[in-house]
2 protein chains.
Amino acid sequence: MNKSDLKMISVLERTGGFASAQELHQILRREGDGIGLTTVYRALQSLVDDKIVDLLRRDDGEAIYRLCGDGHHHHLVCKGCGQTVEIEGGAIENWATAKAKEFGFREVAHTAEIFGLCSKC
Amino acid sequence: MNKSDLKMISVLERTGGFASAQELHQILRREGDGIGLTTVYRALQSLVDDKIVDLLRRDDGEAIYRLCGDGHHHHLVCKGCGQTVEIEGGAIENWATAKAKEFGFREVAHTAEIFGLCSKC
DNA sequence: CACGAAAATGGAAATGATTATCATTTCCAA
DNA sequence: TTGGAAATGATAATCATTTCCATTTTCGTG
């Protein structure tokens with residue numbers, strides 16, 4: 001956990017929703033921070049490894065990052081403003097486990113995200 | 001639906017699991033087909049638009065395609081051999097709908113995939 | 001069959017995100 | 001202060017995907 005990591009956490013806190021590496025870099029630059037794009041990618045990768053931020057993908061495949069709370073959870077993402085809500089997925093966990101067992105799969109992981117328009121958009 | 005579209009459907013049928021555009025292109029080339037990469041992308045895009053194939057993303061963001069049956073469904077994907085199984089997601093549908101309503105989201109869609117190792121791998 | 005328009009095709013260049021390189025700078029303990 | 005490790009960032013390399021554009025194929029009509 002170095003200076004850049006903390007800087008990224010700070011921007012992510014301020015932006016709230018998901019943002020791409022490029023966007024986060026631009027924001028920092030606008031604020032006068034001379035941080036390099038390389039460092040942004042490095043810091044984000046490091047935070048993902050430490051499970052401090054979540055990484056998921058936009059429709060076009062671009063990676064987007066979000067500061068996340070502890071433990072396993074899923075997201076409700078607004079297509080309009082990018083605002084996201086962390087949600088519990090009790091039903092999902094059971095479903096994934098059951099299906100995996102049904103087909104004899106081991107070491108399973110799963111992804112589940114919901115996209116839509118929030119009440120403001 | 002043109003010749004290239006049919007050709008892509010044919011390869012996808014033979015490969016079974018998910019494959020990327022680049023992989024599908026290589027397979028066709030190996031078989032002696034001189035189809036261009038551009039055409040592969042175009043055909044896949046067209047099939048996705050017509051909801052004949054599913055598009056999802058590998059961990060690194062690369063797009064992978066799979067011939068899919070009718071209707072809404074999810075996948076159980078083997079990390080080892082790429083073999084996939086289409087599964088029903090009754091529990092997921094309800095979960096997604098309920099959560100969306102709970103937070104006042106409209107026009108919702110959702111993704112849910114399970115990754116693991118199949119019995120052979 | 002011949003002709004021309006429209007669709008399809010594919011090679012090459014452009015794009016854009018992400019990663020690798022590498023020289024320079026910052027940190028920090030001894 | 002100093003030596004080395006870690007961090008940094010500009011630049012170049014990579015790689016999937018798109019865009020461009022010229023050529024070829026398809027196909028309906030005379």
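Labels below follow one simple rule: chain letters A, B, ... track the order of the sequence lines, proteins then strands, and each chain is numbered from 1. Bear in mind that the values here come from a model prediction, so they are computed numbers and not experimental data.
Within the structure, a side-chain polar atom (N or O) of A:Asn2 is placed less than 4.0 Å from OP1 or OP2 of D:dT8. Note on A:Thr38: every side-chain N or O is 4.0 Å or more away from OP1 and OP2 of D:dT8. Distances shorter than 4.0 Å separate some side-chain N or O of A:Lys3 from OP1 or OP2 on C:dC27.
Remark: aromatic rings of A:Trp95 and A:His110 are distant, center separation not under 6.0 Å.
Put simply, CG on B:Asp60 is 12 Å from P on C:dA20, counting in whole angstrom units. Counting to the nearest Å, the C1' atom of D:dT17 and the CD atom of B:Gln45 are 10 Å from each other. Separating the CG atom of A:Leu37 from the P atom of C:dA20 is a distance of 14 Å, rounded to the nearest angstrom. Residue A:Leu44 contributes atom CG, which lies 13 Å from atom P of D:dG9 at whole-angstrom precision. Spacing between atom CG of B:Leu24 and atom C1' of D:dA16 amounts to 14 Å, rounded to whole angstrom units. Between B:Leu6 atom CG and C:dT9 atom P there is a gap of 10 Å when expressed in whole angstrom units. Per the geometry, CD belonging to B:Glu62 stands 13 Å off C1' belonging to D:dT14, to the nearest Å. Put simply, CG on B:Asp5 is 12 Å from C1' on C:dA7, counting in whole angstrom units.
Nearest nucleotide to the B:Tyr41 side chain, out of C:dT18, D:dT18, D:dA10: D:dT18. Distances were taken from every side-chain heavy atom of A:Thr39 (C-beta onward) to each of C:dT9, D:dT17, D:dT8; the shortest belongs to D:dT8.
At a threshold of 4.5 Å between non-hydrogen side-chain atoms, the residues A:Ser4 and A:Arg42 do not count as touching.
A donor-acceptor contact shorter than 3.5 Å links the side chain of B:Arg29 to the backbone of B:Ile35. Listed for the A:Glu113 side chain is a donor-acceptor partner under 3.5 Å among the backbone atoms of A:His75.
Residue contacts shown for A:Ser4 are limited to sugar-phosphate atoms, with no base heavy atom under 4.0 Å away. Base engagement by B:Gln22 is indicated by at least one non-hydrogen atom pair under 4.0 Å involving a base atom. In this structure, A:Gly61 reaches neither bases nor backbone, as no heavy-atom distance under 4.0 Å exists between it and the strands shown.
When only modelled atom types and interatomic distance are considered, A:Ser10 and A:Arg14 share a side-chain donor-acceptor pair under 3.5 Å.
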